[in-house]
Amino acid sequence: MLNTEITISELAHLMQVSVHQIRYFEEKGILYPAYTADNQYRMYGIDQIYRLSHILLMRKMGLSVQAIRQWTNEGTSDRMEQLLRQSATRIEAEMARLRSLTEFIHKVLEEKASTETEASAYQRVQREVSYLSSWFTIDKETKLDARMLAQQGDTIPELFKTNIHYLYEEGGPIRLCTEARQENGDIVLPEGEYLVYRFSAKGEEDIEHHYERFESYAERHSLLLTGPRMLVEKSYLSLFSQDDIHYEWLARIDRTLQL
DNA sequence: GTTCTTACA
DNA sequence: TGTAAGCA
């Protein structure tokens, strides 16, 4: 019987891969046809089918085409074991990355949901101790612009997932901070009860206006605020609207005045 | 009609 | 990795 071998498209169909990919494997030196016919067609036999199965399995398990070629040239079973372990480690790291990414998405969604269920924009909340990392300070009269951020030297790759805090310290300039873990934070927000006022605004005037409401709310409810007043830019709530920016005014409640 | 090579996004 | 052109 003539023609026990099959053409590239038959092999591709059989193995559920593209013709292109089979030629690619050849170019990379890991799969060659049984022979080339007179018309220059690549012809593949049973050995190539098994070989391609192995290649596809190794690719699925995360081995690069280059690693497959190198192992084919000079590979031991120990080496293959090592390659597979490395691959599993890489994949587990990727799973962890994806896990934390979905957790972050859920955190954003929860934050959105919680703002929508809150009856009042004002909340008294008990907070654990938390830490901020100073970024730089800015004069009260100066407006924040792109150049100032660029000139700070440090990059903030995770600017989008951290809430920027503007600390208004008594008499001093405004201090911009990012949320930090204890070890790299230089500002401690002590545990205690805080007054939180959520609002959204488009411009500076709005923010000041809301600050006045924040202070007058505290006064009306006989709350004595202490420590810096903090403006928190809720960066991921702002994801949900085109041109509003979501903020919180935040300050620690020292004590409640007796009437 | 199918495959081959080469080039390109 | 897919797509396309020009050939055999």
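In what follows, chains carry the letters A, B, and so on, assigned in the order in which the sequence lines appear, proteins first and then strands, with residues in each chain numbered from 1.
The one candidate from A/Leu237, A/Leu231, A/Val196, A/Thr115 that meets the side-chain contact (heavy atoms from CB on, under 4.5 Å) condition with A/Glu248 is A/Val196. Each of A/Arg127, A/Arg252, A/Arg124 was checked for a side chain to side chain donor-acceptor pair (under 3.5 Å) with A/Glu193, and the lone residue meeting it is A/Arg124. Applying side-chain contact (heavy atoms from CB on, under 4.5 Å) to A/Arg97 and the options A/Glu94, A/Arg99, A/Met95 leaves one that passes, A/Glu94.
Taking every heavy atom of residues 46-58 of chain A and every atom of DNA chain B, no pair lies under 4.0 Å. Within residues 17-44 of chain A, the residues that have a heavy atom under 4.0 Å from DNA chain C are, in order of number, A/Ser18, A/His20, A/Gln21.
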Inset, instruction - Take A/Arg79 and A/Leu83 through the test side chain to side chain contact (heavy atoms under 4.5 Å, CB included) and record every step on the way to the result. - result: CA-CA 6 Å; A/Arg79 173 62 181 149; A/Leu83 288 171; 3.4 Å; yes
Inset, instruction - List the steps and the verdict of salt bridge (Lys or Arg N to Asp or Glu O under 4.0 Å) for A/Lys107 and A/Glu110. - result: CA-CA 5 Å; A/Lys107 185 176 133 192; A/Glu110 269 173 37; over 6 Å; no
Inset, instruction - Applying salt bridge (Lys or Arg N to Asp or Glu O under 4.0 Å), run through A/Arg23 and A/Glu27 and close with a yes or a no. - result: CA-CA 6 Å; A/Arg23 292 202 194 98; A/Glu27 184 192 318; over 6 Å; no
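Considering only side-chain N and O atoms, A/Thr7 lies nowhere under 4.0 angstrom from the phosphate OP1 or OP2 of B/dT2.
Ring centers of A/Phe104 and A/Tyr236: under 6.0 Å apart, within the cut-off. Residues A/Tyr24 and A/His20 keep their aromatic ring centres 6.0 Å or farther apart.
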Legend entry - Nucleotide-level pairing of DNA chain C, given in dot-bracket where Watson-Crick and G-U pairs need both distances under 3.5 Å and | marks other strands: ||||||.|
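Nearest heavy-atom pair across A/Leu31 and A/Arg51 is CD1-CG, 3.5 Å.
A single hydrophobic cluster is seen to contain both A/Ile55 and A/Met61, as judged by linkage of ILVMFWY side chains at heavy-atom distances under 4.5 Å, directly or through other members.
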